[in-house]
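Letters A, B, ... are given to chains in the order of the sequence lines, protein chains preceding strands, and every chain is numbered from 1.
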2 protein chains.
Amino acid sequence: MTRGSGRGGSSAAPRSVDVARLAGVSQKTVSRVFNDEQYVSAEVRRRVLEAAEELGYRRNNAARALASGRTRSIGVVTLGTALYGPASLLMGVERALRDTGYALRVVNTMEGDPAGITGAVDSLLDQGVDGIVISEPIDERGADGADALRVGVPVLVLGAPSPVAAPTVLTAGDGADLMARAATEHLLELGHLTVHHLAGPQRWYAARDRLEGWRTTLAAHGRDVPPVVEGDWSAASGYAAGRELAADTAVTAVFAANDDMAIGLIRALTEAGRRVPRDVSVVGFDDVPVAAYVTPPLTTVPQPFDAVAQEGLKRLVHTIENPEADPLPASDPPVDLVVRSSTAPPPHRTTPGRGRRATAPSRAAAPAPPPANGGHPTPR
Amino acid sequence: MTRGSGRGGSSAAPRSVDVARLAGVSQKTVSRVFNDEQYVSAEVRRRVLEAAEELGYRRNNAARALASGRTRSIGVVTLGTALYGPASLLMGVERALRDTGYALRVVNTMEGDPAGITGAVDSLLDQGVDGIVISEPIDERGADGADALRVGVPVLVLGAPSPVAAPTVLTAGDGADLMARAATEHLLELGHLTVHHLAGPQRWYAARDRLEGWRTTLAAHGRDVPPVVEGDWSAASGYAAGRELAADTAVTAVFAANDDMAIGLIRALTEAGRRVPRDVSVVGFDDVPVAAYVTPPLTTVPQPFDAVAQEGLKRLVHTIENPEADPLPASDPPVDLVVRSSTAPPPHRTTPGRGRRATAPSRAAAPAPPPANGGHPTPR
DNA sequence: TTGAAAGCGCTAACAG
DNA sequence: CTGTTAGCGCTTTCAA
């Protein structure tokens, strides 16, 4: 296997020895230059770089990984969906990664996939990665049971507790309960006696967190906790839930676990003759790009995807590169709420129902809704 | 560097020799088993697999890549955005790839990034990939000029001509003009004299294709080609465009280059007192998940992301594995149109404008709009 | 059907 | 500051 088919052809990719020969130095020196090691004279460095340039040299990563034991890549496990949340998180991860010098490998885990997260992580391990990011995992068999997959590299889990066992497990982006609290409190402050919840699929931690935040907020204010309606994140499921909720005139405020469901919900309410926000207020979650432009513009809780990804990856990379050191501490992501036009004080009660403004909040008037483009500065 | 720190510790990952030893065969035989080569007796295969299982052996990919010269991974260049189109395409690529045995590496190219596509492709080349997918590239300096980057691996470009030079360049998903034609013709068939176009940013090929499809369709029907309004894909830009178009009462039909802009457009029209679809019909593009649930439910052109990705990757992998063979031929993606409630025949003209039903279509009545969930079967 | 030997191109110690 | 010497763990000849 004498490379290059005999004749001194220039077909194959140049190697560091070739560069070394041309520059008149040893191969190791070329390696030094490309690794930005010290102890290389400026003159030699220049010669090497020049030779490399001339030859069109580029380091062979496989060889590098083999020799060093580090692949310099990080794997991400995502749901195979273009849903705004997961997709935004993935983009956030990529963005955060590009400054770290690590490459990104991506594997999806489709819901209902027999192999699931475990299979996805396993395939990443097969490929060879120095760290793994698991984005928004959902429950599956053995998720936190005894047969949790054991992983030899640090793991960062976004928006959930870890479904795998690893030497170091970091988590980030698990502040959904606080955001749900903000949404719920906004509605209570408008004067609603209680708030209904259109939950996401409860196999998702993100959905459970939001539900939990809603529930505890109501409890903390001494309000009724109405039965939960569960959707599947889709506008279709929000629409279906909306038909149910529209029938119950006691419903004056709904917190939906994401914007898509909120949009479907609003459509169903509107079709049923219940006006939003006059009869029913709706708060969404995510702040999808169209949220400010649907009818009515949606009050919602923006998620700090980029911040979460950035912080999480910083900590993951730190752990990869300093295995012995203490992991960097997590910081709480900011909680935000964008008030638009889908929320308002409740209608005057014509029936003398059980409602008196028990612990009614002082600030019952709706904050002035921003113009339709509220929260979304028009680019260009 | 005698691995394993002296004592026969079991710390390091097992290698194929370890498996070979345990199974009582040569290392090469282990390699044969794991590569599914022929000429291994069933008995030996079983022993090897057992030994591997016991040791928890997994092949080292770096070594494999180094020895074979193939990385078994494919790189994708995407825009760093969670926009429905690009995100869906990325997921489609992942899905298509998982059956091929190739791993997926992802690099983003942010708009305005100085390095741009060229930089992204370059970083992929650095990482080592057997093929590259460029998803929805946008114009940039040197895009098709002389200084186009030369790439040594096959390239698949989705939804555009290639911005790089490579031994084999495949394209897929470039049928946007036909889809734009379907949208435009739908409006003409409803009886509109002409159709306005709310275009995407013209640096995107996808946007140009749609515009081209719209323009040629109008031309083919001998209609006026009104001036184009250009947006940036966002609902915000659609809203801004809508305020302009609302002022012109001659506008009775608009084809928006994506759903988000259509949604913003509809909001602006509605606010200006122009009802959709009674006064103005609007057609979107993409069929985003909420399209069926906005007000009014949006008539739009669904994009066949999965089909495009699947077909494109099949061809790319074919080329990677059969460099000498002819590339597989491309097939046209299906053209679809989902009619909902944002389109209707034009209002009766009260002013005797220049319009006579010149080549008026026979089928002027709107097809009965489907129920609100039209086009989107409710999951669960 | 199996095995032995020789690298793939680089990084990691250790000398100079 | 620079070079030498060994491998990293696999696939690829080639031989048995």
Which nucleotide sits closest to the side chain of [X]: [options]?
X	options	result
A:Val40	C:dC10, D:dC10, D:dT2	D:dT2
B:Ser26	C:dA4, D:dC1, C:dC10	C:dA4
A:Ser68	C:dA12, D:dT11, C:dG9	C:dA12
A:Val25	C:dC8, D:dG3, C:dG9	D:dG3

Can you see if the side chain of [X] gets near the phosphate of [N] - specifically, an N or O under 4.0 Å from OP1 or OP2?
X	N	result
B:Arg64	D:dC10	no
B:Ser16	D:dC10	yes
B:Tyr57	D:dC10	yes
A:Ser41	D:dT2	yes

DNA chain C-proximal residues of residues 28-36 of chain A, any heavy atom under 4.0 Å: A:Lys28, A:Ser31, A:Asn35

Whole angstrom value for the distance that separates [atom2] of [N] from [atom1] of [X]:
X	N	atom1	atom2	answer
B:Asn61	D:dG9	CG	P	14 Å
B:Arg70	D:dG9	CZ	P	22 Å
B:Arg21	D:dG9	CZ	C1'	13 Å
B:Asn60	D:dG7	CG	P	17 Å
A:Arg15	C:dC10	CZ	P	8 Å
A:Glu43	D:dT2	CD	P	9 Å
A:Tyr39	C:dT11	OH	C1'	18 Å
A:Glu37	C:dC14	CD	C1'	14 Å

Counterpart residues, salt bridge (Lys or Arg N to Asp or Glu O under 4.0 Å), relative to A:Glu324 (two or more places apart): none

For [X] and [Y], which heavy atoms make the closest approach, and how far apart are they?
X	Y	answer
B:Arg105	B:Val129	CD-CG1, 3.8 Å
A:Ala82	B:Ser88	CB-OG, 3.5 Å
B:Arg64	B:Asn35	NH1-OD1, 3.1 Å

Axis bend over the full length of the helix from C:dT1-D:dA16 to C:dG16-D:dC1, computed from five pairs that close each end, to 10 degrees: 20°

Heavy-atom check, side chain of A:Val76 versus side chain of A:Val107, under 4.5 Å: no

Residues 164-174 of chain B side chain polar contacts: donor-acceptor under 3.5 Å, at least two apart:
none

Touch class at under 4.0 angstrom, heavy-atom based, for B:Gln27 against every strand present: base

Non-neighbouring partners of A:Phe305 that pass ring-ring contact (aromatic ring centres under 6.0 Å, His included), sequence neighbours left out: A:Tyr84

Under 3.5 Å donor-acceptor, A:Thr29 side chain and A:Val25 backbone: no

Of all pairs that satisfy ring pair (Phe, Tyr, Trp, His ring centres under 6.0 Å), the ones with a partner from residues 37-80 of chain A, not counting sequence neighbours: A:Phe34-A:Tyr57

B:Arg95/B:Asp306 ion pair, N-O < 4.0 Å: yes

